[in-house]
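Reviewing the structure listed below.
Residue indices begin at 1 and follow the sequence shown.
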Amino acid sequence: MFATLSDRLTATFKNLRGKGRLSDEDIDATAREIRVALLEADVALPVVKDFIAAVKERARGAEVSQALNPAQQVIQIVNDELVRILGGETRRLRFAKQPPTVIMLAGLQGAGKTTLAGKLAMWLKSQGKQPLLVAADLQRPNAVTQLQVVGERAGVAVWAPEPGNGVGDPVAVARSSIEHATSKLYDVVVVDTAGRLGVDEEMMRQAADIRDAVKPDETLFVVDAMIGQDAVTTATAFLEGVGFDGVVLTKLDGDARGGAALSVASVTGRPVMFASAGEKLTDFDVFHPERMASRILDLGDMLTLIEQAQKAFDADQAEEMARKLSAKGGKDFTFDDFLQQMQAIKKMGSFKSLLGMLPGAGQMREALESFDERELDRVQAIVHSMTPAERDNPKIINGSRRARIARGSGRQVSEVNQLIERFFMAREMMSQAARGKLGGLGNMPGMPGMAGGIPGLPGMGGKKSKGRQPKQGKKGKRGARSGNPAKRAAQLAAADERRAQEAQPGQVPSAFGGDAPSPEGGFELPDDIAEFLKKR
């Protein structure tokens with residue numbers, strides 16, 4: 001949703017890099033670009049004016065003029081101001097001291113209140129609560145039936161004494177739900193109310209009557225993040241007519257410009273508490289202003305990624321994986337372990353959304369958009385077509401076995417070859433990392449279960465990227481090879497002899513040519529790589 005805004009801000013900050021000092025002209029130009037980016041994202045004009053004024057004031061202060069890196073300091077200021085207009089800090093639900101806690105949902109028709117009620121109930125259930133959904137929307141056709149279906153999918157009870165479709169009193173249903181929850185020991189009641197296509201007096205009166213009947217501990221205004229400036233108008237009308245404690249943003253996975261998300265909290269003074277970014281009941285979480293600001297600035301959202309990984313990965317399995325990678329050069333890591341990683345990653349959600357949380361994800365947006373989520377299933381099909389012995393020891397997979405695996409999975413032999421090649425490369429790199437023999441994982445060819453082990457993701461270690469290619473040697477330069485076959489053979493022989501004379505015990509080939517000191521504790525080349533080097 002924030003792709004356009006993120007791209008504009010990132011391009012603006014690029015112009016500041018490399019400058020040791022920022023002049024007033026630089027600050028004014030940057031502020032002007034940020035203003036245009038925010039207005040194009042459909043952010044409310046009063047919010048834009050306040051934002052730009054705060055950025056310019058701080059940018060001209062001592063924190064930038066005395067900074068070692070002024071450009072990074074400006075980025076930090078913009079990040080801080082984005083967090084501020086998004087609500088400042090994470091706002092948690094307030095639970096009643098005496099159960100049940102009553103949560104009332106209000107908003108326009110089509111904002112997704114009914115589906116959101118199921119998502120909220122499922123999230124509450126994961127927090128150890130016993131929620132009850134209340135069907136108080138008795139006007140929209142089949143609204144009661146929809147809530148019952150959503151509640152069944154979420155595994156949550158639904159209180160629906162009236163059939164709806166224009167029949168029944170919503171205020172009486174809401175009032176009776178409190179008595180029912182108390183008698184059945186439900187500790188949270190989520191009341192789904194009716195909406196309209198636009199703000200009108202009847203809707204406001206009904207919402208106010210339900211509020212007075214149940215006295216909610218939290219009233220949440222549900223807003224469609226794709227409706228633009230009208231979100232601010234509607235939120236202001238609800239705040240004056242009914243009142244609410246927090247905002248819930250839905251449809252954050254849409255392709256709208258997203259200005260509503262940046263405007264509602266600042267205009268109404270009420271924080272965004274939850275965000276929904278998908279159709280699944282699990283596509284729902286607490287809204288963190290600092291994490292959203294970080295995503296907008298293309299700085300990643302590693303905390304959310306870590307939290308999702310902790311939910312999906314079993315701690316004992318992760319420890320066992322680490323043990324296998326650190327021992328015997330990682331040779332104990334098999335394709336069965338690879339499958340476990342793949343299945344855990346699929347539990348975390350969309351692969352595109354996961355990679356989108358990485359810093360700099362905006363620079364590979366085209367690659368992410370072109371990636372087919374079904375590629376994960378195809379990779380699993382290849383692994384499932386292997387025998388248990390082949391999964392346990394991939395080195396036995398010869399040409400005929402690869403052809404059989406390709407036929408069994410419905411894929412090409414080249415895809416099987418590529419997957420096996422990536423597996424061996426990634427296993428070796430991860431093994432070195434687990435033993436502390438790599439300074440970082442930035443150049444890893446591909447991690448099993450991640451993009452590197454998956455064919456079909458451009459530029460991410462799957463199919464070879466069409467990015468920067470190494471420069472070819474020029475004639476006359478050292479290391480250039482002659483076009484004459486006899487001279488080239490002589491050059492190769494001389495190079496081999498020179499390397500043999502220069503090689504010293506305890507050294508390994510360096511990535512920059514020549515030899516480099518061996519890491520502490522020695523460096524043992526894998527058998528297949530050592531055999532390959534001997535052939536050279």
Side-chain angles (χ1 to χ4, degrees), residues 1-6 8-9 31 34-55 78 80-91 104-113 116 193-205 207-208 211 218-277 286-290 292-293 295-296:
M1 170 163 286
F2 298 107
T4 303
L5 176 59
S6 178
R8 286 296 299 266
L9 292 178
I34 294 174
R35 180 188 295 111
V36 172
L38 292 174
L39 290 175
E40 286 184 349
D42 213 13
V43 180
L45 183 58
V47 178
V48 175
K49 288 183 176 179
D50 181 45
F51 183 91
I52 296 300
V55 170
V78 174
D80 293 343
E81 293 302 319
L82 276 176
V83 172
R84 182 181 61 82
I85 68 173
L86 287 170
E89 58 184 23
T90 304
R91 162 77 153 76
M104 175 179 163
L105 303 181
L108 294 181
Q109 184 174 313
K113 290 191 304 299
L116 183 96
T193 63
R196 298 288 191 282
L197 295 177
V199 176
D200 60 24
E201 184 179 347
E202 182 183 356
M203 176 182 62
M204 289 299 184
R205 185 173 60 253
R211 177 201 62 196
E218 296 277 18
T219 301
L220 303 181
F221 174 63
V222 183
V223 60
D224 182 348
M226 299 179 66
I227 65 175
Q229 288 295 313
D230 194 44
V232 177
T233 305
T234 306
T236 304
F238 265 92
L239 185 64
E240 296 172 352
V242 182
F244 55 84
D245 303 297
V247 179
V248 181
L249 294 173
T250 62
K251 306 178 186 178
L252 275 178
D253 56 329
D255 57 359
R257 290 175 288 183
L262 299 177
S263 305
V264 171
S266 183
V267 171
T268 64
R270 300 296 187 271
V272 179
M273 295 177 59
F274 296 99
S276 172
V286 176
F287 184 84
H288 300 278
E290 69 281 0
M292 182 57 70
R295 288 197 201 186
I296 292 173

Does Phe287 form a side-chain contact (heavy atoms from CB on, under 4.5 Å) with Leu86? I'd like the steps, not just the answer. CA-CA 10 Å; Phe287 184 84; Leu86 287 170; 4.1 Å; yes
Excluding sequence neighbours, so at least two apart, what forms side-chain hydrogen bond (donor to acceptor under 3.5 Å, both in side chains) with [X]?
X	answer
Glu81	Arg58, Arg84
Thr193	none
Glu240	none

Considering only distance and modelled atom types, tabulate donor-acceptor pairs under 3.5 Å from the side chains of residues 265-276, sequence neighbours left out.
residue, atom, partner, partner atom, Å
Thr268, OG1, Val264, O, 2.7
Thr268, OG1, Arg270, N, 3.2
Arg270, NE, Phe244, O, 2.9
Ser276, OG, Lys119, NZ, 2.6
Ser276, OG, Asp283, O, 3.4

Results of side chain to side chain contact (heavy atoms under 4.5 Å, CB included) for Ala194 - residues two or more places apart only: Asp137, Gln139, Arg196, Gln206
Side chains of residues 231-238: which donor-acceptor pairs under 3.5 Å do they make with residues two or more places apart or in other chains?
residue, atom, partner, partner atom, Å
Thr234, OG1, Asp230, O, 2.9
Thr236, OG1, Val232, O, 2.8

Please evaluate residues Glu202 and Arg205 with respect to the criterion side-chain contact (heavy atoms from CB on, under 4.5 Å), reporting the C-alpha separation (whole Å), side-chain torsions for both, the decisive distance (0.1 Å), and the verdict. CA-CA 5 Å; Glu202 182 183 356; Arg205 185 173 60 253; 4.0 Å; yes
Looking only at heavy atoms, which two atoms of [X] and [Y] are closest? And how far apart?
X	Y	result
Val83	Ala293	CG2-CB, 3.7 Å
Ala44	Ser263	N-OG, 2.9 Å
Ala31	Ile52	O-CD1, 3.6 Å

Could you give the distance from CD (Glu218) to CG (Asp245), rounded to the nearest 0.5 Å? 5.0 Å
If only atom types and distance count, is the side chain of Lys113 paired as donor or acceptor with the main-chain N or O of Ala106 below 3.5 Å? no
Side chains of Val223 and Leu249 in contact at under 4.5 Å (non-hydrogen atoms): yes
Check whether any side-chain heavy atom of Val242 sits under 4.5 Å from a side-chain heavy atom of Phe221, and report yes or no. no
